[in-house]
Amino acid sequence: MSGKKELLSLAMERTSEWISSQEIPSDITVHIGDTSFSLHKILLLKCGFIKRLTSESSNDSNITVIKIPDFPGGAEAFELAIKFCYGIHLEMNAENIAMLRCAAEYLDMTKEHSAANLVETTEVYLNEVILKSLTSSVKVLQKSEGLLPMAERVKLVSRCIDAIAYETCQESQTSDLWAEDLSVLRIDMFQRVLIAMMARGFKKHALGPVLVVYAQKALRGLEISARVAKKMDAELEHEKRVILETIVSLLPREANTVSVSFLSMLLRAALYLETTVACRLDLEKRMGLQLRQAVLDDLLIPSFNGDNIMFDVDTVQRILMNYLEFEVEGNSIDFATDIGELMESYLAEVASDRSMNLVKFMKLAECFPEQSRITDDGMYRAIDIYLKVHPNISEVEKKKLCSLMNCQKLSQEACAHVAQNERLPVQIVVQVLHQEQQTLRQVLCESHSPVAATAIAPPESPPPHPTLTSYNNELSKLNRENQNLKLELLKVKMTLKELEREKDFEIKSCSDCSPVSTASVVKPPLPRKSFISSVSRKLGKLNPFGHTPGRTMLRKGRRHSIS
């Protein structure tokens with residue numbers, strides 16, 4: 001910036017030297033800010049503004065002093081206009097045409113004062129060159145931002161906006177090139193351009209890519225990913241806040257016009273900049289409508305509340321509620337099942353935060369509808385992580401926390417893990433063991449029923465309809481897995497019966513032996529003392545498969561167990 005000022009000063013110095021070298025001595029001094037120009041009245045007759053000031057002057061001296069503090073474009077624009085008056089060649093371009101047009105209007109350099117006037121000259125160049133090019137129109141519009149209100153008075157702003165809107169509507173699709181061009185505009189000008197584009201028929205749902213490009217450039221520099229965000233200058237923060245709120249107001253109402261990751265980025269910035277509540281709620285609702293597209297990183301929104309919590313759980317909870325409300329209104333057949341895994345992953349992530357309050361954690365978990373969870377393995381994982389990170393919570397709190405999961409929906413692997421998890425309350429371990437044994441007993445009973453025999457050797461069925469091929473293939477795969485499991489369980493039962501027959505034979509053969517020897521035959525070896533065996537002995541009838549042989553065979557038959 002300082003280099004540009006030095007070049008400008010050198011240029012004005014050369015202009016003053018050229019003017020002073022003329023045969024006619026200068027008789028007027030014009031002050032534009034801190035810069036002075038020594039000029040000639042006779043050559044400035046092309047400027048109606050200066051002509052009126054000099055004629056109205058009551059100063060009898062040969063030198064007339066004029067001060068213009070608010071000249072559009074400052075000394076640089078005034079120098080260009082003076083060069084035109086003195087006949088110095090001017091090379092007009094997109095960089096200086098806005099200054100020349102506003103300077104000509106301010107100085108009243110019209111055809112009333114000269115046939116070769118600056119107003120008409122600049123108008124011809126604008127109409128024939130600038131307004132026929134989108135890039136040039138954007139450049140002139142950007143330059144006009146610093147020339148208000150004069151640029152508005154000569155309709156320079158409105159004509160550039162209209163030209164840009166016309167050119168963009170000629171494109172068959174959004175171009176990254178002109179979207180990048182628009183990103184240099186100030187937010188108010190950018191907004192006016194988009195409104196003009198829509199007035200000319202540009203589809204609003206196609207504005208998404210344009211807004212993404214503009215936001216990425218205009219909001220650059222916001223450090224919103226760190227745990228402790230850096231505070232910025234108040235004026236700059238206000239500027240960024242206005243930009244963000246305007247971008248959100250311009251977002252198309254249709255879903256899927258921008259990615260959920262982009263919405264997440266805007267929401268993080270909105271929380272950091274403390275935008276209006278309406279702005280933040282709007283973004284939360286948009287994210288809720290597109291939650292199916294989200295990944296875990298999109299939901300890991302930092303907390304800026306100063307409560308030492310890493311993630312903004314309340315915001316994510318509102319996003320989830322917006323999603324559920326949308327699904328209810330839409331009567332979706334796959335109600336919430338597609339985000340169950342996502343939300344369980346999020347719950348496990350926030351569970352690792354040592355500052356996470358139990359009430360807040362449970363409140364979030366309770367928002368997950370049960371039908372969104374095919375199994376409760378993910379919920380169990382989140383609960384286990386919370387218990388591991390928060391070892392000092394009371395037994396009562398542990399019970400409340402474990403009430404979030406349905407033990408009947410745990411997989412075999414999860415049940416095996418629960419049975420060895422000393423962080424869980426004893427009641428939960430017992431409940432899972434009892435449920436697992438009830439399931440095993442039911443399957444063993446079914447293995448002797450006619451239905452089970454039919455399931456093991458099902459009759460041939462006619463070939464499926466072509467439209468149901470994929471469904472039947474999956475069903476056949478599941479049936480095969482169930483048949484294999486039942487065969488394994490049947491083998492276990494047969495082995496148990498053989499052991500019982502062997503015991504009966506040994507008892508009969510030892511009927512003449514002493515009571516001590518008989519007892520030694522009937523009594524099985526003492527099991528190894530473990531957490532699970534101790535619970536089983538205390539429960540008695542509640543754990544009918546508690547003896548060692550039965551448990552050993554069951555562990556061999558169980559598939560995919562977690563040790």
Side-chain angles (χ1 to χ4, degrees), residues 131 133-135 137-142 144-145 157-220 239-270 273 275-294 298 318-319 322-323 325-327 329-330 332:
L131 298 180
S133 167
L134 188 146
T135 302
S137 298
V138 173
K139 189 67 174 178
V140 172
L141 181 59
Q142 182 192 16
S144 299
E145 294 171 356
V157 172
S158 59
R159 285 185 291 169
C160 286
I161 290 175
D162 191 59
I164 295 169
Y166 175 79
E167 293 294 335
T168 53
C169 288
Q170 302 308 306
E171 300 283 345
S172 59
Q173 58 184 359
T174 302
S175 169
D176 293 337
L177 183 60
W178 63 257
E180 187 70 25
D181 289 339
L182 295 183
S183 66
V184 303
L185 296 175
R186 205 168 62 189
I187 186 62
D188 56 337
M189 295 295 182
F190 177 75
Q191 182 180 22
R192 290 175 62 178
V193 167
L194 295 193
I195 293 174
M197 288 167 56
M198 288 184 287
R200 278 191 171 271
F202 194 88
K203 301 300 182 182
K204 189 171 183 180
H205 64 80
L207 291 178
V210 186
L211 293 168
V212 170
V213 173
Y214 188 90
Q216 289 175 342
K217 188 170 184 178
L219 298 176
R220 188 177 300 162
E239 178 186 342
K240 298 288 187 182
R241 186 183 302 115
V242 172
I243 291 173
L244 179 56
E245 291 175 352
T246 305
I247 290 174
V248 174
S249 69
L250 292 171
L251 287 173
R253 302 313 306 177
E254 298 86 354
N256 302 317
T257 54
V258 295
S259 67
V260 69
S261 298
F262 175 68
L263 293 173
S264 176
M265 184 270 287
L266 293 182
L267 182 55
R268 295 166 193 245
L273 296 171
T275 60
T276 62
V277 176
C279 175
R280 282 173 275 173
L281 293 179
D282 188 11
L283 289 171
E284 291 173 5
K285 184 176 182 180
R286 291 176 185 274
M287 283 193 66
L289 296 180
Q290 296 181 217
L291 192 57
R292 292 179 179 179
Q293 307 166 12
D298 297 328
R318 288 193 295 269
I319 292 173
N322 284 324
Y323 169 79
E325 181 181 355
F326 168 72
E327 290 294 333
E329 292 179 354
S332 176

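Source: prediction; values computed, not measured. All residue numbers refer to positions in the sequence shown, counting from 1. Computed from heavy atoms alone, side chains included, the values below leave out hydrogens, waters and symmetry copies.
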Pairwise side-chain contact, [X] with [Y], heavy-atom cut-off 4.5 Å (strictly under):
| X | Y | answer |
| --- | --- | --- |
| T168 | L134 | yes |
| L283 | T275 | no |
| L182 | V213 | no |
| V260 | L291 | no |
| R292 | Y323 | yes |
| L194 | F202 | no |

Within this structure, what is the [atom1]-[atom2] distance for the pair [X] and [Y], rounded to the nearest 0.5 Å?
| X | Y | atom1 | atom2 | value |
| --- | --- | --- | --- | --- |
| E254 | H205 | CD | NE2 | 7.0 Å |
| I164 | S133 | CD1 | OG | 10.0 Å |
| I319 | M287 | CD1 | CE | 4.0 Å |
| D162 | R159 | CG | CZ | 10.5 Å |
| I195 | L250 | CD1 | CG | 7.0 Å |
| E167 | R200 | CD | CZ | 9.5 Å |

Criterion side chain to side chain contact (heavy atoms under 4.5 Å, CB included) on L267 and L263, from CA distance to verdict = CA-CA 6 Å; L267 182 55; L263 293 173; over 6 Å; no

query = Has the side chain of E145 got a donor or acceptor atom that lies under 3.5 Å from a matching backbone atom of M189?
reply =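 Flag not set: sc E145 to bb M189 has no pair under 3.5 Å.
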
ask   = Is a side-chain donor or acceptor of S144 paired with a backbone partner of V140 at a separation under 3.5 angstrom?
value =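 Side chain of S144 to backbone of V140: a pair is present.
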
task = Sequence neighbours left out, what passes side-chain hydrogen bond (donor to acceptor under 3.5 Å, both in side chains) with Q142? Give chain and number order.
result = none

query = Partners of Q290 by side-chain hydrogen bond (donor to acceptor under 3.5 Å, both in side chains), sequence neighbours excluded?
reply = Q293

Least distance between heavy atoms, [X] atom then [Y] atom:
| X | Y | value |
| --- | --- | --- |
| A294 | D298 | CA-OD2, 3.5 Å |
| L185 | V138 | CD2-O, 3.8 Å |
| T276 | E245 | N-OE2, 3.2 Å |

For [X], check side-chain contact (heavy atoms from CB on, under 4.5 Å) against everything at least two apart and list the hits.
| X | answer |
| --- | --- |
| R253 | D282, R286 |
| K204 | M198, L207, P252 |
| I243 | I187, Y214, A218, L219, E239, I247 |

request  = Not counting sequence neighbours, which residues clear salt bridge (Lys or Arg N to Asp or Glu O under 4.0 Å) with K139? List them please.
outcome  = E95

request  = Tell me, with the steps shown, if L266 and L251 meet side chain to side chain contact (heavy atoms under 4.5 Å, CB included).
outcome  = CA-CA 11 Å; L266 293 182; L251 287 173; 4.1 Å; yes

request  = Test F262 against T257 for side chain to side chain contact (heavy atoms under 4.5 Å, CB included), laying out the working first.
outcome  = CA-CA 10 Å; F262 175 68; T257 54; over 6 Å; no

